[in-house]
Amino acid sequence: MDLSLEEFVALDESAKAAYVGDCAILYAQQFDRPDLDAYCSLADICRALHKMPVGAEFMASLLPHRMALNFFVQPSSRTFMSFNAAQLMLGMKRMSVRDVAISSMSKGETLADSVRTFMSYVDCIVMRHPDEHAGDVAVWIAMHAMRTIHIGGEERPIPIISGGSGTKQHPTQSLLDIYTLEKSFEHVGGIDGKTIMLVGDLKRGRTVRSLSYLLKNYRDVRLLFAAPEIYQMEPDILEFCDRHHMPWEKLDSLDAGIARADAIYMTRIQDEWDGLAKGAHTKATDRFVFKAEHLDRMKDEAYLLHPLPKRDEVDPALDYTDDRRVVYWRQERNGMWMRVAILAQLFRVDQAIRDFAATQGIK
Amino acid sequence: MDLSLEEFVALDESAKAAYVGDCAILYAQQFDRPDLDAYCSLADICRALHKMPVGAEFMASLLPHRMALNFFVQPSSRTFMSFNAAQLMLGMKRMSVRDVAISSMSKGETLADSVRTFMSYVDCIVMRHPDEHAGDVAVWIAMHAMRTIHIGGEERPIPIISGGSGTKQHPTQSLLDIYTLEKSFEHVGGIDGKTIMLVGDLKRGRTVRSLSYLLKNYRDVRLLFAAPEIYQMEPDILEFCDRHHMPWEKLDSLDAGIARADAIYMTRIQDEWDGLAKGAHTKATDRFVFKAEHLDRMKDEAYLLHPLPKRDEVDPALDYTDDRRVVYWRQERNGMWMRVAILAQLFRVDQAIRDFAATQGIK
Amino acid sequence: MDLSLEEFVALDESAKAAYVGDCAILYAQQFDRPDLDAYCSLADICRALHKMPVGAEFMASLLPHRMALNFFVQPSSRTFMSFNAAQLMLGMKRMSVRDVAISSMSKGETLADSVRTFMSYVDCIVMRHPDEHAGDVAVWIAMHAMRTIHIGGEERPIPIISGGSGTKQHPTQSLLDIYTLEKSFEHVGGIDGKTIMLVGDLKRGRTVRSLSYLLKNYRDVRLLFAAPEIYQMEPDILEFCDRHHMPWEKLDSLDAGIARADAIYMTRIQDEWDGLAKGAHTKATDRFVFKAEHLDRMKDEAYLLHPLPKRDEVDPALDYTDDRRVVYWRQERNGMWMRVAILAQLFRVDQAIRDFAATQGIK
């Protein structure tokens with residue numbers, strides 16, 4: 001069944017996920033448990049392999065003729081840089097567009113034409129764009145464009161990867177969050193059975209939305225939503241949890257959940273959507289701030305995550321703690337390895353990496 | 001005979017073309033028919049060679065120690081990206097300057113000093129700059145600078161390539177247009193003898209100006225200029241056509257020429273020169289819009305081109321047509337291959353590419 | 001002895017230099033005479049080696065797995081481009097951040113968090129930032145961050161290099177200035193014993209400040225400070241000269257020193273700190289302008305330097321002179337070779353370069 005661009009954009013995300021298949025990374029709904037396990041094990045392997053000079057060299061030999069475009073026309077440090085680093089690790093060539101003012105969009109070109117133009121010259125587009133349907137447009141065009149690329153023995157559409165879309169989704173962030181959780185819980189049975197507290201701006205936090213979608217792939221996960229009422233989680237996610245039998249509770253403070261949570265996932269107030277004056281920022285509500293003293297009340301095997309950037313919602317004293325439960329800086333670096341895994345999988349060099357790693361005693 | 005910078009800038013373009021010789025790509029007047037044929041055949045060979053892994057690898061081995069600067073301080077998507085892609089294909093290293101505000105020009109440095117500085121560090125400059133004499137300044141400095149580079153057994157000035165100059169010239173675009181026309185007319189005798197209709201904003205369309213200059217190299221070409229009177233072709237080009245015995249007609253609608261044209265070259269209203277409010281654009285005049293129904297009135301062996309970006313002057317329904325006469329997306333991708341050929345020729349690796357291709361059965 | 005970030009920032013620069021050791025290039029006070037001699041000889045070797053294809057290839061094989069971040073959020077052409085070129089020569093991979101508006105700093109992230117984030121993904125940061133303590137923050141974080149890199153058999157902090165810090169220091173510029181002076185005075189005993197006249201805006205000229213610090217490493221150097229009173233050298237530098245027994249004089253015109261000076265180091269009025277209207281610039285005072293006729297009054301073995309960019313403080317007629325005493329364009333290119341040497345030394349491939357060069361007959 002084929003769809004026009006308009007028909008495709010009008011679908012709900014699950015239907016879009018089904019239509020797109022493995023041509024793109026746009027919606028957390030695309031992934032099931034085996035996918036997640038495969039991404040996590042591949043990220044682990046890439047990290048271990050890259051530590052060996054022979055492994056780093058092997059990885060850099062995999063995609064030297066592929067060119068990635070990093071099309072980020074909204075602010076980004078971590079996602080942009082970790083994708084760049086991941087591309088370099090796989091030997092890819094890179095271009096970037098970071099400002100529509102220097103592109104032909106400033107001459108009135110449509111997003112569709114611009115994206116199609118990009119596809120004339122590059123083999124992969126990673127994108128963050130203010131239009132919440134930008135990723136939909138890009139993948140539809142990729143699936144209907146004259147130019148395809150040869151990947152793993154097939155002619156395939158040019159891969160599109162979301163680097164964060166409006167307030168809705170940030171699928172690669174949620175994959176690295178899952179990876180961080182799985183590694184943190186490595187010796188206590190993984191994510192299954194855990195209680196995850198999400199704290200802060202859940203309404204506009206695309207990372208917590210995408211993470212909620214992914215967590216339904218694990219058994220007996222319980223979600224605690226700790227947020228000021230105006231920033232509470234949207235009804236569609238609550239319904240999604242219900243439909244997938246994930247118990248959830250709304251909490252009106254971080255304290256209300258800290259003793260029970262196996263993971264505490266802090267988020268920043270996303271006030272970039274509020275049209276504040278330049279440089280002005282909304283202060284985090286005190287009841288949802290993680291303070292140094294909260295460490296004493298966390299479980300021994302609980303972990304503190306944050307997608308970053310952070311502001312005042314986490315005590316900066318924690319930045320240099322040696323408490324092994326504070327993992328957000330490690331989580332940040334995990335992002336790079338997960339993005340290596342994502343690119344490797346999209347370009348079908350994942351098996352080659354696993355095979356080479358096996359010869360080096362890595363599994 | 002040597003000239004000061006001021007004397008050089010004051011020359012007419014034909015005299016500049018003669019002075020510059022093959023040190024730069026700045027004016028369409030630099031090229032004669034054998035040049036154009038050589039560029040087209042080289043572009044064809046590069047395209048075929050790059051499809052073979054061994055060919056792509058060979059090409060990437062040619063210029064690994066050369067650094068290109070892409071100095072584009074006006075908006076560009078296609079020209080910028082296709083030059084980047086072309087440089088990568090030849091193994092070149094790249095830097096870019098896309099905003100004078102982040103360069104020393106913001107501290108009051110002259111363009112001449114800035115360009116000379118760039119030449120301290122790079123081996124080639126591709127440039128798009130609002131000053132219509134920027135390319136003149138750059139090539140004159142290259143021809144008088146202390147630093148030269150060793151190319152093909154000679155010490156030569158650092159090559160300068162225009163990526164579009166004001167409303168005057170866009171020589172690499174016109175080379176790719178010629179390439180697209182030649183390929184389209186491959187089985188019907190090439191460009192010789194054809195009628196080419198140029199439509200839209202001919203007054204400020206630097207691509208149609210440069211293309212007109214190149215077309216005098218073909219036999220029996222007839223030009224139709226279809227434009228609203230305020231956007232009609234400038235007298236200097238009409239005189240150029242007369243001087244080179246290229247018959248031309250002004251038309252007051254696209255309809256007036258469609259049945260006769262072998263190629264229809266659409267252009268956008270270049271209203272970036274009109275100082276409109278941000279985001280405002282001038283609507284194309286209906287009589288100069290290409291509509292889907294025009295396909296029925298085109299000749300069987302006629303082709304629809306557009307340098308892109310487009311707006312409302314072409315019906316977007318044509319974007320996904322399978323009518324083989326609509327070639328503007330193919331034309332866009334041709335640009336990359338033509339730019340590979342241009343760089344290869346400037347750095348004198350053209351013969352090496354032809355020789356290697358011959359060993360692979362490509363000619 | 002360990003220090004908190006606040007304690008470290010509060011130190012004077014000499015104490016900071018001692019604390020930082022060879023983990024960073026931030027303060028001219030870090031270097032003694034053997035360091036300077038080593039940098040100059042290494043820069044010379046790199047330049048000679050790179051001229052040979054086998055040498056260029058060897059150099060590009062040294063650091064292919066290292067990624068540099070060029071974090072320049074103030075205007076820069078020379079420093080930015082020459083570092084990029086130097087990184088490419090050593091085979092390094094590169095990313096750049098040139099605008100805080102496209103980074104997470106626009107979401108309220110602290111500089112400390114941003115820098116720590118960069119350190120998650122890259123192996124070296126070259127930075128120019130408006131905050132005069134930005135380099136201090138970066139090096140302190142590098143010395144306290146979880147992530148270290150393996151260099152020359154040790155786990156070391158991620159190297160930080162200043163690309164110019166506020167009005168205070170520009171250490172790599174002063175290293176290239178020393179290199180240029182040493183090469184200019186090659187046949188007349190080097191810098192020892194010379195009289196150096198610094199002209200222009202000495203108050204806000206970070207290059208003349210850093211250069212003054214370095215010159216104390218040479219014997220019997222005499223400094224002439226020729227500047228309008230409002231731009232005269234700051235008392236801290238005068239005291240530094242006194243402390244290190246470097247005689248100095250204030251002069252109220254360039255003419256007053258020209259007959260005595262072995263080197264004349266011109267500088268631009270740094271009016272970017274004055275909050276002028278966009279495009280407005282302060283005219284240089286006539287008594288401090290180098291005119292073509294001054295060449296006649298310079299010593300035969302004296303040299304004219306300028307860190308560039310220049311404006312009206314040097315007669316543009318000198319740009320194309322063949323007077324071998326006018327060395328500022330050569331000085332500019334020296335910057336690239338010095339930056340190759342700096343990177344090579346920081347990543348401990350300096351000895352490998354010297355060894356390889358020796359096999360090629362270069363010393």
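The sequence lines fix the lettering, A, B, ..., with proteins before strands; numbering per chain opens at 1.
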**Q** Using non-hydrogen atoms only, which part of B/V122 is less than 4.5 Å away from chain C: side chain, backbone, both, or neither?
**A** side chain

**Q** Name all residues meeting the side chain to side chain donor-acceptor pair (under 3.5 Å) criterion together with B/D12; count only those two or more places apart in sequence or in a different chain, and write none if there are none.
**A** none

**Q** Would you mind telling me which of B/M67, B/M119, B/M105, B/M146 has the largest number of heavy-atom pairs within less than 4.5 Å of chain C?
**A** B/M67

**Q** Could you pull out every donor-acceptor pair under 3.5 Å between chain B and chain C?
**A**
| unit_1 | atom_1 | unit_2 | atom_2 | d |
| --- | --- | --- | --- | --- |
| B/R94 | O | C/R94 | NH1 | 3.4 |
| B/R94 | O | C/R94 | NH2 | 2.8 |
| B/I102 | O | C/S76 | N | 2.8 |
| B/I102 | O | C/R98 | NH2 | 2.9 |
| B/S104 | N | C/S77 | OG | 2.9 |
| B/S104 | OG | C/R78 | NH2 | 3.4 |
| B/K107 | O | C/R311 | NH1 | 2.8 |
| B/E109 | OE1 | C/R78 | NH2 | 3.3 |
| B/E109 | OE2 | C/R78 | NH1 | 3.0 |
| B/E109 | OE2 | C/R78 | NH2 | 2.7 |
| B/D113 | OD1 | C/K310 | NZ | 3.3 |
| B/D113 | OD2 | C/K310 | NZ | 2.8 |
| B/R116 | NH1 | C/D319 | O | 2.7 |
| B/R116 | NH2 | C/D319 | O | 3.4 |
| B/T117 | OG1 | C/R78 | NH1 | 2.6 |
| B/T117 | OG1 | C/E332 | OE1 | 2.8 |
| B/S120 | O | C/R333 | NH1 | 2.2 |
| B/S120 | OG | C/E332 | OE2 | 2.6 |
| B/Y121 | OH | C/E332 | O | 3.1 |

